[in-house]
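Notes to accompany the following structure.
Because the structure is predicted, anything quoted here is derived from the model rather than measured. For ligands, and for the atoms within them, numbers begin at 1 and follow the listed sequence.
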Amino acid sequence: MNIMLFGAPGAGKGTQAKFIIDRYGIPQISTGDILRAAVKEGTPMGLEAKQFMEAGKLVPDSTIIGIIKERLSMDDCKKGFILDGFPRTLAQAEALEVLMKEMGIKLDKVISLNVPDELIVGRVTGRRVCKDCGASFHVEFNPSKVEGVCDLCGGELIQRKDDTAETVTKRLSEYHAQTAPLFDFYMERGILADLDGTKDIDEITKEIFNILG
Ligand code: ADP
Ligand code: AMP
């Protein structure tokens, strides 16, 4: 099963991905997580990406497509995967189609989490992520059991550098200009499920499981 989670920054993609991993045992491929790991390691790609990420801009397509080619060729993707935060431009979506065709696989479902901009700012600024496993919490809407500690792995919870009110506004405008048009792209392919991302986390998970079967 090859799935993509689609939505604005802070729509709940990463949160839902963790439940899908648990149930279906397929890996989450978050280009954001891969880029943050490269930034942390100080690789040439990380150094290039850092400036775009901190400015709330998209990292160039060529870099992202390279990351995805490498990641999808890994063994753990053979039984399926969850794309989270990719594709984000039409060029990335088209490159993904070409790549998947070459690999003899297809995207089965695109799950869109629809959340209005006015809710996004509060979600992103209150987000806390696990330094070790990337799990996402929220100080108000989804607090961890012990403050500052990840429920899943016990890692330290931190605030992402780009989760500020100022940067989120820029990320939202990138989303509307470059990523939102992909909604119609996948609708035309008949694989898009449009969900209300403002519902409770558990309720959205149930709806996703119903769709995936
Ligand atoms: P994305 O991966 O789409 O950027 P996240 O899954 O990290 O978004 O969620 C962004 C923030 O919103 C997190 O702090 C998360 O705990 C919170 N959140 C996720 N889903 C919901 C929801 N349905 N209702 C309220 N808060 C949510
Ligand atoms: P995310 O973790 O999905 O919120 O992504 C964090 C940042 O990483 C984004 O604001 C972009 O700068 C960069 N990024 C992640 N995925 C992509 C992508 N598919 N295309 C371009 N930039 C990306």
Side-chain angles (χ1 to χ4, degrees), residues 4-21 28-40 45-46 48-69 71 82-96 111-116 119-130 133-144 150-152 157-164 166-175 177-179 182 195-208:
M4 173 194 164
L5 293 170
F6 179 80
K13 304 180 294 295
T15 301
Q16 296 300 333
K18 297 288 181 226
F19 295 111
I20 302 174
I21 296 173
Q28 168 193 16
I29 300 176
S30 156
T31 40
D33 284 350
I34 295 170
L35 290 166
R36 277 184 289 279
V39 170
K40 204 169 153 189
M45 182 183 80
E48 185 216 0
K50 191 171 188 254
Q51 47 182 327
F52 292 100
M53 294 169 83
E54 285 181 359
K57 292 193 168 156
L58 293 184
V59 171
D61 287 334
S62 55
T63 305
I64 300 291
I65 293 164
I67 290 176
I68 284 292
K69 275 192 177 158
R71 185 65 188 87
I82 311 157
L83 295 174
D84 165 7
F86 172 88
R88 262 169 145 111
T89 64
L90 197 56
Q92 290 179 19
E94 285 168 347
L96 177 67
I111 293 168
S112 171
L113 301 174
N114 191 1
V115 178
L119 293 185
I120 290 288
V121 178
R123 280 203 188 182
V124 169
T125 52
R127 167 160 58 190
R128 298 293 181 271
V129 294
C130 176
C133 76
S136 193
F137 297 86
H138 191 282
V139 288
E140 188 184 342
F141 310 137
N142 183 27
S144 56
C150 177
D151 287 356
L152 305 187
L157 299 184
I158 55 161
Q159 186 164 19
R160 270 168 51 176
K161 212 169 178 180
D162 60 345
D163 277 353
T164 60
E166 193 202 352
T167 312
V168 76
T169 310
K170 292 184 190 140
R171 286 157 66 197
L172 269 175
S173 72
E174 286 278 86
Y175 170 76
Q178 307 216 52
T179 311
L182 296 183
L195 301 190
D196 177 358
T198 66
K199 292 184 182 170
D200 283 349
I201 292 174
D202 293 355
E203 196 163 333
I204 297 170
T205 309
K206 269 190 214 147
E207 289 182 9
I208 293 176

Protein residue, atom and distance nearest to [atom], heavy-atom basis:
{"atom": "atom 19 (C) of ligand 1", "value": "T15 OG1, 3.5 Å"}
{"atom": "atom 17 (C) of ligand 1", "value": "H138 CB, 4.1 Å"}
{"atom": "atom 22 (C) of ligand 1", "value": "R123 NH2, 3.3 Å"}
{"atom": "atom 8 (O) of ligand 1", "value": "G12 N, 3.2 Å"}
{"atom": "atom 2 (O) of ligand 1", "value": "G14 N, 2.8 Å"}

Please output the side-chain donor-acceptor pairs of residues 199-206 that fall under 3.5 Å, not counting sequence neighbours, one pair per line with the distance.
from: K199; atom 1: NZ; to: E207; atom 2: OE2; distance (Å): 2.7
from: T205; atom 1: OG1; to: Q16; atom 2: OE1; distance (Å): 2.7
from: T205; atom 1: OG1; to: I201; atom 2: O; distance (Å): 2.9

Quick one: which ligand 1 atoms are inside 4.0 Å of a heavy atom on [X]?
{"X": "N142", "value": "16 (O)"}
{"X": "F137", "value": "13 (C), 14 (O), 16 (O)"}
{"X": "I204", "value": "23 (N)"}
{"X": "I201", "value": "20 (N), 21 (C), 22 (C), 23 (N)"}
{"X": "G197", "value": "23 (N)"}

Problem set entry | Side-chain (Q159) to main-chain (T125) donor-acceptor, under 3.5 angstrom | yes

Exercise. Can any side-chain N or O of K50 pair as donor or acceptor with the backbone N or O of A38 at less than 3.5 Å?
Worked result: no

For this session: Salt-bridge test for D162 and R127: reply yes if a basic N is under 4.0 Å from a carboxylate O, no otherwise.
Result: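 A salt bridge is absent here (no side-chain N lies under 4.0 Å from a carboxylate O).
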
Kindly confirm or rule out an N or O of [X] lying under 3.5 angstrom from an N or O of ligand 1.
{"X": "R127", "value": "yes"}
{"X": "F141", "value": "no"}
{"X": "G126", "value": "no"}
{"X": "K13", "value": "yes"}
{"X": "K199", "value": "yes"}
{"X": "P9", "value": "no"}

Which heavy atom in [X] sits nearest to a heavy atom in [Y], and how many Å separate them?
{"X": "Q92", "Y": "F86", "answer": "OE1-CD1, 3.3 Å"}
{"X": "A91", "Y": "I65", "answer": "O-CD1, 4.2 Å"}
{"X": "P9", "Y": "Y175", "answer": "CD-CB, 4.0 Å"}
{"X": "T167", "Y": "A55", "answer": "CG2-C, 4.3 Å"}
{"X": "P87", "Y": "A93", "answer": "CB-N, 3.5 Å"}
{"X": "S30", "Y": "R36", "answer": "OG-NH2, 4.4 Å"}

Exercise. Is G85 near ligand 1, meaning one of its heavy atoms is under 4.0 Å from it?
Worked result: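 No.
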
For this session: Run the contact test for G7 against ligand 1 with a 4.0 Å cut-off on heavy atoms, strictly below, and give the result.
Result: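 Contact absent.
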
Exercise. Are K170 and E174 close enough, and set up right, to give a salt bridge (charged side-chain N to carboxylate O under 4.0 Å, His left out), and what steps lead you there?
Worked result: CA-CA 6 Å; K170 292 184 190 140; E174 286 278 86; over 6 Å; no

Quick one: are [X] and [Y] in side-chain contact, heavy atoms under 4.5 Å?
{"X": "I29", "Y": "I82", "result": "no"}
{"X": "V139", "Y": "R128", "result": "yes"}
{"X": "I67", "Y": "L35", "result": "yes"}

Exercise. Who are the residue neighbours of ligand 2 when the rule is a heavy atom under 4.0 Å from any of its atoms?
Worked result: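 T31, G32, L35, R36, M53, K57, L58, V59, I64, G85, F86, R88, Q92, R160, D162, R171.
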
Problem set entry | Check against side-chain contact (heavy atoms from CB on, under 4.5 Å), L83 and L5 | CA-CA 6 Å; L83 295 174; L5 293 170; over 6 Å; no

Exercise. Which part of Q16 is near ligand 1, with near meaning a heavy atom under 4.0 Å away: side chain, backbone, both or neither?
Worked result: neither

Problem set entry | A8 and ligand 1 - part of the residue with a heavy-atom distance under 4.0 Å |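 Under 4.0 Å from ligand 1, A8 contributes backbone atoms alone.
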
For this session: Go through V124 and R171 one step at a time and tell me if the side-chain contact (heavy atoms from CB on, under 4.5 Å) criterion holds.
Result: CA-CA 11 Å; V124 169; R171 286 157 66 197; 3.9 Å; yes

